[in-house]
Amino acid sequence: MTAIKETNFSFPKQTNFYKGKVRDVYTINNQFMAMVVTDRISAFDVVLPEAIPFKGQVLNQIAAKFLGATKDIVPNWVIDVPDEMVTIGRICEPFKVEMVIRGYLAGHAWREYSAGKRSVCGVALPDGLKENDKLPNPIITPTTKASVGHDEDISKEDILAKGIVSVADYTHLENYTYALYERGTQMAAERGLILVDTKYEFGKVGSDIYLIDEIHTPDSSRYFYAEGYADRQDRNEPQKQLSKEFVRKWLIENGFQGKDGQTIPVMSAEIVNSISDRYIELYEQITGDQFVKNETADVVSRIEKNVADSISKLLSA
């Protein structure tokens, strides 16, 4: 299996192309977006030199499963998944906030709490909590996209006061976020997992709100294993996580954290295959489905044909 590092297609009515860290995004007729999830892998804001076989298929199919399983709650941007590595959908005007929701005190929220803060993004937190404790109720801690640098925490009050999102729209975003997190929590529990925190992004077409981007993937969410969670908390032990942290760990062990002067370690075929195997494990653990490798000899031609066929149907509809 040849990993797909990049694509360079020219589709009918193509009006734009954007290459992200992991995705190649083709704009069609200024109306649709064909998102190819390549096998590129990034860590510490750097794209690593070797692509990982089946990684794109893993992420695209996880996102497709969860978007399909939540479309009764909120409509989403997806129109078609014509290939294991591609999603085609509506072009939406994104809201300039990400709706982060947390059911547990972990990650950034814990760092703020442990520094003595008792509110995150304007949401009050009680005293006496420790890292990874379940919160009394899930809390929404939005971030706003910074024009330069990192995303920044922002409160609901500031979002509304600054007119970043209207009161009516924000009410919808809040309600959707709580309902999506509840559904994600239920689906995780069926797999013996805890959905610790996650983020959702929304956009609009006219006056209609859509869920956009990927949801409930290991790249956008934090999962704990449910078995042993309470015992580990009682013993003040770290929680067992399901994430792509193993890639970062390997890089750190080999002297790379994305800092100036550091060199990305050589990624041997053994390392590349082991990362591929771990991504497939993530897929099966999160979805409960067996992963079926699409081992087409010419993957690029397969993707091009499947996307072109889908676009042709969309444009003639």
Side-chain angles (χ1 to χ4, degrees), residues 22 37 41-43 52 54-70 73 76 98-111 113 120 129-141 143 151 176-201 211 213-250 252 274-291:
V22 169
V37 188
I41 184 168
S42 70
I52 307 300
F54 304 111
K55 174 182 175 285
Q57 183 183 339
V58 163
L59 290 184
N60 194 57
Q61 289 190 307
I62 290 175
K65 181 184 178 83
F66 286 115
L67 286 165
T70 54
I73 296 172
N76 61 60
E98 290 184 356
M99 300 295 278
V100 179
I101 184 164
R102 306 173 183 279
Y104 294 75
L105 188 61
H108 171 67
W110 164 249
R111 289 190 289 275
Y113 189 91
V120 180
L129 297 176
K130 60 185 181 183
E131 186 174 12
N132 299 330
D133 271 354
K134 186 174 183 179
L135 296 170
N137 296 291
I139 63 171
I140 294 174
T141 58
T143 62
D151 296 351
Y176 287 147
T177 297
Y178 284 123
L180 288 165
Y181 180 72
E182 184 178 353
R183 178 69 55 80
T185 298
Q186 291 166 355
M187 293 181 74
E190 290 166 8
R191 301 294 313 136
L193 298 170
I194 293 168
L195 182 56
V196 178
D197 51 44
T198 190
K199 71 179 175 85
Y200 304 111
E201 296 185 52
L211 178 61
D213 206 34
E214 63 183 34
I215 67 164
H216 299 161
T217 68
D219 286 17
S220 66
S221 313
R222 191 189 319 263
Y223 288 94
F224 291 157
Y225 284 90
E227 186 177 352
Y229 164 80
D231 289 342
R232 284 187 288 273
Q233 282 302 95
D234 289 343
R235 294 196 295 264
N236 293 317
E237 293 175 359
Q239 286 299 329
K240 192 178 173 192
Q241 293 198 32
L242 184 71
S243 72
K244 66 167 189 176
E245 191 62 29
F246 65 91
V247 177
R248 291 164 64 93
K249 189 166 178 285
W250 177 79
I252 291 167
S274 72
I275 294 174
S276 179
D277 289 343
R278 287 292 294 273
Y279 264 93
I280 290 168
E281 283 177 33
L282 284 176
Y283 173 90
E284 294 183 341
Q285 187 72 48
I286 290 171
T287 66
D289 300 330
Q290 183 177 358
F291 185 75

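No side-chain heavy atom of D197 sits under 4.5 Å from any side-chain heavy atom of I101. Contact annotation: the side chain of F246 approaches that of Y279 to within less than 4.5 Å [non-hydrogen atoms, C-beta and beyond]. You'll find the side chain of F224 stays beyond 4.5 Å of the side chain of K240, heavy atoms only. Counting heavy atoms from C-beta outward, D231 and E237 have side chains that stay 4.5 Å or more apart. Residues L129 and W110 fail the side-chain proximity criterion, which asks for heavy atoms closer than 4.5 Å. Side-chain contact between S221 and L195 is present, with at least one heavy-atom pair separated by less than 4.5 Å. The shortest side-chain heavy-atom distance between I215 and T70 falls under the 4.5 Å cut-off. A 4.5 Å side-chain heavy-atom check between V22 and K55 finds at least one atom pair inside the cut-off.
Closest of all the heavy-atom pairs between S243 and P218 is CA-CB, 4.4 Å. The two atoms that bring S220 and T198 nearest to each other are O-OG1, 3.4 Å, heavy atoms only. Minimum interatomic distance between P138 and Y178 (heavy atoms only, all atoms of both residues): O-CE2, 3.7 Å. Counting all heavy atoms, side chain and backbone alike, Y225 lies closest to L242 at OH-CD1, 3.1 Å. Here the closest heavy-atom approach between residue G107 and residue R222 is recorded as CA-NH2, 3.5 Å. Here the shortest heavy-atom pairing between I41 and I275 reads CD1-CG2, 4.2 Å.
Y283 pairs with exactly one of T217, L59, D289 by the side chain to side chain contact (heavy atoms under 4.5 Å, CB included) rule, that one being D289.
Looking only at atom types and distance, the side chain of H216 has a donor-acceptor partner in the side chain of Y200 under 3.5 Å away. No donor-acceptor contact under 3.5 angstrom links the side chains of E182 and T185, judged on distance only.
A distance-only check finds a donor-acceptor pair linking the side chain of R183 to the backbone of A69 [under 3.5 Å]. The backbone N or O of Y229 lies less than 3.5 Å from a partner atom in the side chain of Q239, making a donor-acceptor pair. Between the side chain of N60 and the backbone N or O of V37, no donor-acceptor pair lies under 3.5 Å. Formation of a donor-acceptor pair under 3.5 Å by the R232 side chain with backbone atoms of E227 is found in this model.
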Carefully, step by step, assess D213 and K199 under the rule side chain to side chain contact (heavy atoms under 4.5 Å, CB included). CA-CA 10 Å; D213 206 34; K199 71 179 175 85; 4.3 Å; yes

Step-by-step side chain to side chain contact (heavy atoms under 4.5 Å, CB included) determination, Q233 to K134: CA-CA 10 Å; Q233 282 302 95; K134 186 174 183 179; over 6 Å; no

V100 vs I140, test: side chain to side chain contact (heavy atoms under 4.5 Å, CB included). Steps then yes/no. CA-CA 6 Å; V100 179; I140 294 174; over 6 Å; no

Start with the C-alpha gap between L105 and E131, add the side-chain angles, then the distance that decides, and say whether side chain to side chain contact (heavy atoms under 4.5 Å, CB included) holds. CA-CA 6 Å; L105 188 61; E131 186 174 12; over 6 Å; no

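With rounding to the nearest 0.5 angstrom, the CD atom of E284 is 6.0 Å from the CD atom of Q290. With rounding to the nearest 0.5 angstrom, the CD1 atom of I52 is 12.5 Å from the CZ atom of R278. With rounding to the nearest 0.5 angstrom, the OH atom of Y113 is 9.5 Å from the CG atom of L135. Once rounded to the nearest 0.5 Å, the distance linking CD of E98 with OG1 of T143 reads 4.0 Å. The line from CD1 of I286 to NZ of K65 is 11.0 Å long, rounded to the nearest 0.5 Å.
Classified by interplanar angle (parallel below 30°, tilted 30° to 60°, perpendicular above 60°), the ring pair F54/F291 is perpendicular.
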